[in-house]
There are 2 protein chains.
Amino acid sequence: MEVSVSQENYLKTILKLERSEGIASNQAIAQNLDSTPAAVTGMLRKLCEEGLVEYEAYQGAKLTQVGEQHALSTVRKHRLWEVFLVEKLNFRWDTVHQLAEELEHIGNEDFVNRLAEFLGNPLFDPHGDPIPDAAGNIRERVDVVFSSEAEAGTMFVVCGVSDSSDEFLRHLNRLGIELGSKYHAVERFEFDGSMEWSNNQGARILISSGVSEKILIQVHA
Amino acid sequence: MEVSVSQENYLKTILKLERSEGIASNQAIAQNLDSTPAAVTGMLRKLCEEGLVEYEAYQGAKLTQVGEQHALSTVRKHRLWEVFLVEKLNFRWDTVHQLAEELEHIGNEDFVNRLAEFLGNPLFDPHGDPIPDAAGNIRERVDVVFSSEAEAGTMFVVCGVSDSSDEFLRHLNRLGIELGSKYHAVERFEFDGSMEWSNNQGARILISSGVSEKILIQVHA
DNA sequence: ATCAATTTTTAGTCTGGCTAAAATATTTTT
DNA sequence: AAAAATATTTTAGCCAGACTAAAAATTGAT
């Protein structure tokens, strides 16, 4: 029962949609994979035959147990490789996605587990996304909110982003924001929702609402 | 100019044959890749069009400069991954070939060079095969001969194998022979070419001619 | 010059995934 | 509840990449 690269990408997408929407519609899958609904129907049939998704015509798709395990394993590999690339090979966090996208399709469970072990079984990837453990469990973070919710006057630490696109990450790079950066929310301008932050050297930056809504933070006690 | 996985395997094979036979015949390529001469002809045409091999009908194939660089880069990746798998992930040397075969097709020059750097720019892989540097140079070993040539009475160290198949490496594992193992050539039996070796604990093993002809050694001064 | 071995051509197969357009279901609106 | 809008599926076929089997052509050796 070999799962192709394309199939693994479908499984990952369905997992994501199932978590965010409850069910993966044909159209949403097509959009995510830059494909068409007709193509999706064909693939869902195959995945259903192989026992990876539950699928009835017109009812959208859900992963089976087996399918979900497989998808989680792929996500695990992807995020572990990102850790490897950033921590061991000194890649910047905004340049690792594509490479990890290729590496995630290689090897078996044993291989992934050894990689995880080698990396010290990290819990989060360089974008702050949680890494499923060998059994597929994801420890969701608590006390994490979008930076747009930060009250003026609070201190916080950047712990993730909800958009890992190259463009967004490069923008954060230009702003000097990275995982673990600490800031003080100086003020929110109700006019357009933008915010002013200051770092521990006192330098101030202006953050647009679009950006602050994509940055995950943990507020300091 | 994208080079497919299959094409990279052709380039690797042609490189190997060119080094051992001077030119890569259609038939030899087919044998190596477990394919047929007709299929090889088709692929050679494509590789020729893409400027990766020099090819004239009925005359066999040779790599161009570009093709050779590409092949060497693939070999470099393969061998570096083997080092990674054995040294960092604790795989046994007889279990890494298949995985490296998949990993070798991923990523660009920058990626490989960072991997090499991370591994300390090793010169040999876990089977004793030399790793090309970033420019494609291979430092060939000197004073290396097949163990079948060892004179009775000499001491030597195992530094490579000419057959990296799973079966052969597993056999060496059962015999307790690995890279860096030191032995004393006790005697060669002219009857069938088999040899008796002893290690530094005095334990003796019998090596068939078939095996001794695939083990590379360096004789101690 | 002929024959054996090798290589190429021809013609077609197979897989995996895709598309476009038509047909069918479902959902929403009124 | 019927009509309209939306979403999904079917149909039919394309396309790339790599392969095969058998026939034809070429080469090289004697």
Side-chain angles (χ1 to χ4, degrees), chain A residues 1-14 16-18 20-63 67 70-71 74 101-102 104-106, chain B residues 1-14 16-18 20-63 67 70-71 74 101-102 104-106:
Chain A
M1 194 189 48
E2 281 305 286
V3 184
S4 73
V5 168
S6 176
Q7 288 179 328
E8 287 191 337
N9 287 332
Y10 270 86
L11 294 179
K12 273 204 310 178
T13 299
I14 296 168
K16 188 174 98 182
L17 291 170
E18 227 181 293
S20 65
E21 326 273 303
I23 194 146
S25 82
N26 221 303
Q27 205 168 42
I29 297 172
Q31 252 163 21
N32 266 272
L33 294 174
D34 206 19
S35 178
T36 64
V40 173
T41 301
M43 183 57 97
L44 289 182
R45 282 169 162 298
K46 258 185 235 165
L47 292 171
C48 189
E49 276 169 28
E50 295 178 22
L52 296 166
V53 310
E54 277 169 42
Y55 167 67
E56 264 183 290
Y58 296 102
Q59 305 308 308
K62 280 190 171 196
L63 296 174
H70 199 104
T74 306
E101 201 73 14
E102 296 184 54
E104 75 187 3
H105 302 295
I106 288 184
Chain B
M1 194 188 49
E2 280 306 286
V3 183
S4 73
V5 168
S6 176
Q7 288 179 330
E8 287 191 337
N9 287 331
Y10 270 86
L11 295 180
K12 275 203 310 177
T13 300
I14 296 167
K16 188 175 98 181
L17 291 171
E18 228 181 293
S20 66
E21 326 275 301
I23 195 146
S25 83
N26 221 302
Q27 204 168 42
I29 297 171
Q31 251 163 22
N32 266 272
L33 294 173
D34 206 18
S35 178
T36 63
V40 172
T41 300
M43 184 57 98
L44 289 183
R45 283 168 160 296
K46 260 185 236 164
L47 292 171
C48 188
E49 276 169 28
E50 295 178 22
L52 296 165
V53 309
E54 276 169 46
Y55 167 65
E56 263 184 290
Y58 297 101
Q59 306 307 309
K62 280 191 169 192
L63 297 173
H70 200 105
T74 306
E101 202 72 15
E102 297 184 52
E104 76 187 3
H105 302 293
I106 287 183

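Throughout, a chain's letter reflects where its sequence line sits, starting with A, and its residues are numbered from 1. The structure presented is a predicted model; accordingly, all values stated were derived computationally and were not measured.
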Exercise for review: Indicate yes or no for a side-chain donor-acceptor contact from A/Ser35 to the backbone of A/Gln31 under 3.5 Å, with no hydrogens or angles considered.
Suggested key: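 Looks like no, no N/O pair under 3.5 Å.
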Practice item. Ignoring backbone atoms, establish whether A/Tyr55 has a side-chain N or O less than 4.0 Å from OP1 or OP2 of D/dT9. Key: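 Yes, because at least one side-chain N or O of A/Tyr55 sits under 4.0 Å from OP1 or OP2 of D/dT9.
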Point to revise | Check: C/dT24 base within 3.5 Å donor-acceptor of A/Tyr58 side chain | key: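 Answer yes: a donor N or O sits under 3.5 Å from an acceptor.
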Separation of [N] [atom2] from [X] [atom1] (nearest whole Å):
X: B/Gln59; N: D/dT27; atom1: CD; atom2: C1'; answer: 8 Å
X: A/Ile29; N: C/dG17; atom1: CD1; atom2: P; answer: 15 Å
X: B/Leu44; N: D/dA18; atom1: CG; atom2: P; answer: 13 Å
X: A/Gln7; N: C/dG16; atom1: CD; atom2: P; answer: 8 Å
X: A/Asn9; N: C/dG16; atom1: CG; atom2: C1'; answer: 14 Å
X: B/Gln27; N: D/dT27; atom1: CD; atom2: P; answer: 17 Å
X: A/Asp34; N: C/dC18; atom1: CG; atom2: P; answer: 10 Å
X: B/Gln31; N: C/dA5; atom1: CD; atom2: P; answer: 15 Å

Nucleotide nearest [X] when distance is taken to its side chain, options [options]:
X: A/Tyr10; options: C/dC18, D/dA25, D/dA21; result: C/dC18
X: B/Arg45; options: D/dT27, C/dT9, D/dT8; result: C/dT9
X: A/Ser4; options: D/dT10, C/dG17, C/dC18; result: C/dG17
X: B/Ala38; options: D/dA22, D/dT27, C/dT26; result: D/dA22
X: B/Thr41; options: C/dG17, D/dA25, C/dT9; result: C/dT9
X: A/Thr36; options: C/dT8, D/dT8, C/dT19; result: C/dT19

Point to revise | Validation row: A/Val3, A/Thr74 side chains within 4.5 angstrom (heavy atoms) | key: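 A/Val3 does not reach A/Thr74 side chain to side chain.
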Check your understanding: Below 4.5 Å, heavy atoms only, C-beta onward: do A/Glu104 and A/Lys12 meet side chain to side chain?
Key ->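 A side-chain contact exists here, since the closest heavy-atom pair is under 4.5 Å.
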Point to revise | CG-OG distance between A/Leu33 and A/Ser6, expressed to the nearest 0.5 angstrom | key: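 The distance works out to 7.5 Å.
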Review point. Is B/Ala39 touching bases, backbone alone, or none of the nucleic acid, heavy atoms closer than 4.0 Å?
Key: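 Base contact - B/Ala39 has a heavy atom under 4.0 Å of at least one base atom.
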**Study point:** Residue whose nearest DNA chain C nucleotide is more 5′ - B/Asn26 or A/Lys46
**Key:**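 The residue mapped nearer the 5' terminus is B/Asn26.
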Practice item. For the pair B/Lys62 and B/Glu56, find out whether any cationic side-chain nitrogen is under 4.0 Å from an anionic carboxylate oxygen. Key: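 B/Glu56 and B/Lys62: not salt-bridged.
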